[in-house]
**Q** 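Quick one: this structure, given as structure tokens, is what I'll be asking you about.
Chain naming here is simple, since letters A, B, ... match the order of the sequence lines and numbering starts at 1 in each. Computation of the quantities below employed the complete heavy-atom set of this structure, encompassing side-chain atoms and omitting hydrogens, waters and symmetry-equivalent molecules.
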Amino acid sequence: MKARVFVTLKNGVLDPQGKAIGHALHGLGFRAVGEVRQGKVIDIELAERDEAKARAIVKEMCEKLLANTVIEKYEIELDG
Amino acid sequence: MKARVFVTLKNGVLDPQGKAIGHALHGLGFRAVGEVRQGKVIDIELAERDEAKARAIVKEMCEKLLANTVIEKYEIELDG
Amino acid sequence: MKSAVVVFPASNCDRDAAVALEQLTGKKPAMVWHHDSELPDVDLVVLPGGFAYGDYLRCGAMAAQSPIMRDVKTKAEKGLSVLGICNGFQVLTEAGMLPGVLMRNAELKFVCRPVSLDVEETQSAFTRKYEKGQRVSFPVAHGDGNYTADEATLDRLEGEGRVVFRYAPGDNPNGSARNIAGILSRKRNVLGLMPHPERVCDAALGGTDGRPLFESLVEALS
Amino acid sequence: MTEITPQLVREHGLSPAEYARIVELLGRAPNFVELGIFSVMWSEHCSYKSTRAHLRRLPTRAPWVLQGPGENAGVIDIGDGDVAVFKMESHNHPSFIEPYQGAATGVGGIMRDVFTMGARPVAMMNALRFGAPEHEKMRHLVSGVVAGIGGYGNCMGVPTVGGEVNFHPSYNGNILVNAMCVGLARADRIFKSAAKGAGNPVVYIGSKTGRDGIHGATMASAEFSEDSQEKRPTVQVGDPFTEKLLLEACLELMATDAIVAIQDMGAAGLTSSSAEMASKGGSGIVLDLDRVPQREEKMTAYEMLLSESQERMLAVLKPGREAEAERIFKKWELDFAVIGTTTDTSRFVVRHEGKTVADIPVHALSEEAPVYQRPFEKRAAIAEEPAFDRTKPLIESLVKLIGSPDLCSRRWIWEQYDWSVMADTVQAPGGDAAVVRVHGTNKALAITTDVTPRYCRADPFEGAKQAVAEAWRNLTAAGARPLAITDNLNFGNPEKPDIMGEIASCIDGIAEVCRALDFPVVSGNCSLYNETNGEAILPTPAIGAVGLIVDVRRMATPALKRESDAIILIGETKGHLGQSLYLREIEGKENGGAPVVDLAAERRHGDFVRGLIESGKLDTVHDVSDGGLLVALTEMAMGGGMGARIARGDSADAIPFCFGEDQGRYLFALPATEADRVLREAARAGIPAILLGQTGGDRIAIAGVGEVSIDALKRAHEAWFPGYMSNAELPPTN
Ligand SMILES: Nc1ncnc2c1ncn2[C@@H]1O[C@H](COP(=O)(O)OP(=O)(O)O)[C@@H](O)[C@H]1O
Ligand SMILES: [Mg+2]
């Protein structure tokens with residue numbers, strides 16, 4: 001099973017990197033760009049076939065390590 | 001329209017961050033973890049309604065700025 | 001005063017911290033490997049600067065999960081003094097021993113330069129040898145020192161007198177909230193700060209403003 | 001097995017004659033794996049085939065040189081059983097393709113060269129050449145290279161203490177990234193790469209092998225064309241975290257006596273490290289690739305042998321010491337594997353999946369590698385006297401010069417480098433030489449890198465002389481005794497006689513100064529084929545130099561320190577404007593001859609200045625270089641936040657006097673009560689010295705010419721770089 005975890009800043013947390021990207025895109029002439037936010041995507045290969053179990057494991061990983069829940073939120077996608 | 005861009009290292013390119021995360025997860029007792037790869041996710045608000053046009057614009061952004069195509073690849077998801 | 005310095009993989013100010021401690025306490029600190037599960041019997045633990053685990057994922061995140069950190073946490077709760085410098089501060093926030101987070105510098109670049117700091121609190125084992133309001137200069141060297149917390153937390157920190165060091169007005173190198181450079185835990189026995197006091201304990205290096213911090217600890221903990 | 005066609009041979013960068021020689025050495029045609037091995041070992045990058053014959057002319061010995069060129073880095077004695085270990089290396093081509101990772105892995109590579117010798121790296125320098133600032137790619141390259149150098153060095157916890165940066169259109173398609181690493185060790189704990197003896201285990205340590213940068217060595221040896229960007233050669237990604245662990249683990253292993261030989265895996269990875277170790281040790285080697293730690297699946301022998309994955313080392317141990325070594329590497333969570341043994345067959349043998357995939361006499365890969373006497377034409381030096389407008393307002397020119405790309409403050413760069421980690425940096429970036437204390441002592445190393453490529457283009461011989469002399473002068477200005485240099489020879493295509501002529505003349509120029517100043521070469525690196533579409537870069541023989549400050553309490557810095565100090569100029573000022581920055585920035589002309597260095601005067605002047613510093617009489621010194629006298633004085637004033645008032649030299653024209661780039665000069669400031677005596681001493685020693693003026697106030701004032709505030713100068717000086725880079729795209733991150 002493959003898990004994809006998205007870790008992004010919570011709404012309302014300032015995202016200087018996203019802002020800088022937006023700024024740079026404008027500078028390159030992409031006028032249609034509105035807000036930009038940057039986050040992380042973490043792809044994990046998992047030796048676990050059961051989807052519910054896999055989700056529980058990945059959730060635990062997020063809470064323990066992958067996200068800093070003070071400022072970040074996460075989403076989990078499973079595949080396979 | 002909202003675009004989500006995934007920027008990840010090309011296959012075969014060393015991913016030191018992914019490697020270290022995998023290692024740490026093992027250390028935390030997550031034995032089922034195989035390979036881990038880390039990438040970026042960039043969410044962009046776009047003032048463009050036409051899907052084909054939006055895709056073309058975002059592709060150009062990726063080539064010009066968002067991805068370093070020497071070592072990275074990208075995927076684009078559109079929504080809205 | 002007996003002290004220990006925790007060494008994480010890719011800590012790189014562990015030696016600098018040890019040199020300063022030895023110079024100012026007269027005793028060599030114990031160097032403790034992150035994989036050990038128990039601290040030796042000491043009065044002070046230093047979490048040094050560096051790039052523990054390459055600063056991958058988030059600065060300090062993986063180090064905060066090191067086996068030794070469980071013991072550091074337990075003993076800190078019982079009152080052990082803990083000093084986290086730079087990467088050590090990041091480890092302390094990631095470990096939940098100090099509130100808030102250290103985000104990427106506002107200018108998104110690593111910054112290494114001397115900064116002016118105001119000593120805001122002298123009611124602590126770390127700062128009793130400074131004057132309240134004293135202006136000192138320590139170098140910073142970090143990419144993620146932008147202290148961020150919600151308004152309520154910031155208000156509480158200020159209200160409880162836990163903001164110990166503040167960047168002097170106009171000299172904030174990373175965009176941190178309310179110019180915060182260093183904060184105390186609720187029990188005031190854990191200090192995390194981004195600037196490096198251990199790099200200014202020797203006049204040959206351009207200053208000795210860091211010495212009173214270690215001298216305070218010697219006085220308070222001996 | 002892949003058939004060896006002429007096309008395939010050509011694609012491996014081997015000429016038909018070289019291929020014929022390979023067949024002769026083997027007594028048969030090589031197989032595909034062997035062809036790959038020869039192609040990297042006989043590449044310009046690994047074999048130095050164009051330069052080797054010329055490099056022999058470089059003086060490499062002195063009583064204090066413990067190891068000259070030929071090992072991973074040079075070693076010099078700095079007294080009390082301490083040694084300094086250093087080398088400089090280029091990572092030009094990769095940095096152009098992927099600036100962050102190219103520069104980062106360049107830093108990682110040169111650090112390994114130093115710690116593989118048993119030294120702990122204590123300082124990093126970087127010599128950077130970028131194209132015209134307005135070139136569309138340049139901001140991206142500048143921000144990427146700087147972030148990459150910082151990203152790697154900062155994580156390693158080794159201070160990056162200085163370097164140099166130039167902009168010139170000749171580097172538009174071919175920037176230069178030269179990094180220098182200086183380490184410290186004990187004289188009796190130096191490790192070398194000669195794999196002596198048979199039956200010793202060969203161990204692999206560090207990161208796993210992937211398909212990274214295969215043919216990096218041949219890429220570095222081939223001229224760039226616009227479409228090499230399209231080909232997207234694999235660029236390696238650096239992992240400073242692993243390198244930091246590798247450093248600590250290696251030093252821990254080196255504290256035992258288990259090691260026979262050790263060598264980093266740099267260009268041409270496993271092949272070059274193992275073949276070189278065998279060659280130096282006069283032994284043979286058998287490698288079993290099945291035991292190589294691999295990151296990717298189904299790697300072929302060819303790929304494993306040519307991979308340039310970073311953060312790897314190869315060591316030969318004493319038999320029976322494997323377990324002890326393995327324990328150390330496991331503790332640091334690094335890969336460790338015994339992958340072969342040394343033999344007495346003098347053959348380089350590789351096994352994979354039970355088969356022998358390569359079997360080559362070791363000497364065929366090393367001593368038998370081709371050496372070329374390429375034809376060269378030495379160009380006549382340009383000697384014209386450039387014309388200039390004598391009526392240009394001098395103060396305005398000063399403000400413009402001090403804020404120009406080549407003279408403005410590099411703060412934007414060095415604030416991104418951790419220059420104070422290790423708590424021994426006693427002179428931070430910004431001075432003449434960086435000064436790093438030898439930990440736990442009062443001794444210090446002074447370090448600098450220098451070259452003025454525009455001089456080298458006008459006159460390769462004098463230009464190269466100037467580079468070494470300026471390095472010597474920079475060390476001297478800090479109060480150090482110059483000891484030795486490393487060089488990084490960056491040139492165009494050596495197959496062109498005029499480029500080969502530049503190389504030969506520059507090497508002659510370096511050699512002459514080394515001899516005259518007892519300043520030998522102990523290590524170095526050559527980077528050739530720095531061309532784009534047939535246009536070569538300016539000849540750029542970068543010199544990295546190291547000197548010793550015996551007592552760090554007696555050291556000088558450029559910053560003015562006291563009011564009313566006398567300002568004294570040492571050395572003769574003729575007003576040489578040829579190739580000066582004044583001409584380029586103010587007159588828009590890049591012409592005239594290079595300034596000439598008088599080596600006897602150089603030595604006299606330097607010894608005089610150093611003597612004053614060592615005696616404790618002098619603490620404020622700056623050498624006069626790019627931009628000339630007035631620029632040097634301005635730098636001293638800005639450094640100290642204090643002004644100066646000077647008189648114009650009596651006979652001289654103000655412009656050449658203020659901005660001429662005559663060599664062998666120093667400016668210093670000392671209490672006025674000392675001035676007369678010092679001037680008399682100089683006169684006695686036959687050294688031109690004039691009292692130029694005195695310190696004080698908040699402006700630079702030149703009698704009869706005009707004045708300008710230090711604030712205005714500082715603003716101009718600090719503005720250019722941040723202004724230029726504020727238009728940068730995103731700062732790259734790891
Ligand atoms: N320009 C040069 N001047 C002096 N020595 C040089 C020069 N170029 C290379 N060398 C020496 O040749 C040897 C091989 O260099 P190189 O292939 O760069 O080493 P490595 O494989 O360790 O990177 C080294 O000992 C180096 O110091
Ligand atoms: Mg080497």
**Q** Are any non-hydrogen side-chain atoms of C/M103 and A/V13 less than 4.5 angstrom apart?
**A**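 Side chain of C/M103 against side chain of A/V13, heavy atoms only: contact under 4.5 Å found.
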**Q** Check C/R58 against A/L65 and note the closest heavy-atom contact, atom names and distance.
**A**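 So the minimum-distance heavy-atom pair works out to NH2-O, 2.9 Å.
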**Q** Look at atom NZ of A/K53 and say whether more than 12 heavy atoms of other residues, nucleotides or ligands are closer to it than 6.0 Å.
**A**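 For A/K53, atom NZ is not crowded (no more than 12 foreign heavy atoms under 6.0 Å).
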**Q** Given side chains that start at C-beta, do those of A/I42 and C/L57 come closer than 4.5 Å, heavy atoms only?
**A**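 A side-chain contact exists here, since the closest heavy-atom pair is under 4.5 Å.
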**Q** Tell me whether the count of non-hydrogen atoms from other residues, nucleotides or ligands lying under 6.0 Å of CD in C/Q123 goes above 12.
**A**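 No.
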**Q** Can you name the closest pair of heavy atoms from C/A106 and A/P16 and give their distance?
**A**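 That would be O-CB, 4.3 Å.
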**Q** Pair up each side-chain donor or acceptor in residues 156-165 of chain C with any protein partner under 3.5 Å, not counting sequence neighbours, and list the distances.
**A**
residue, atom, partner, partner atom, Å
C/E158, OE1, C/R166, NH2, 2.9
C/E158, OE2, C/R178, NH1, 3.1
C/E160, OE1, C/R162, NH1, 2.7
C/R162, NE, C/L184, O, 2.9
C/R162, NH2, C/L184, O, 3.3

**Q** Would you indicate whether C/K75, at its atom NZ, is surrounded by more than 12 heavy atoms from other residues, nucleotides or ligands within a distance under 6.0 Å?
**A**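 Check passes, neighbour count above 12.
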**Q** Mind checking the CD1-CG spacing from A/I71 to C/L102? Nearest 0.5 Å is all I need.
**A**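 Spacing of CD1 (A/I71) from CG (C/L102) equals 9.5 Å.
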**Q** Check whether more than 12 heavy atoms from other residues, nucleotides or ligands sit under 6.0 Å from atom NZ of A/K19, and answer yes or no.
**A**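 Not more than 12 within 6.0 Å, no.
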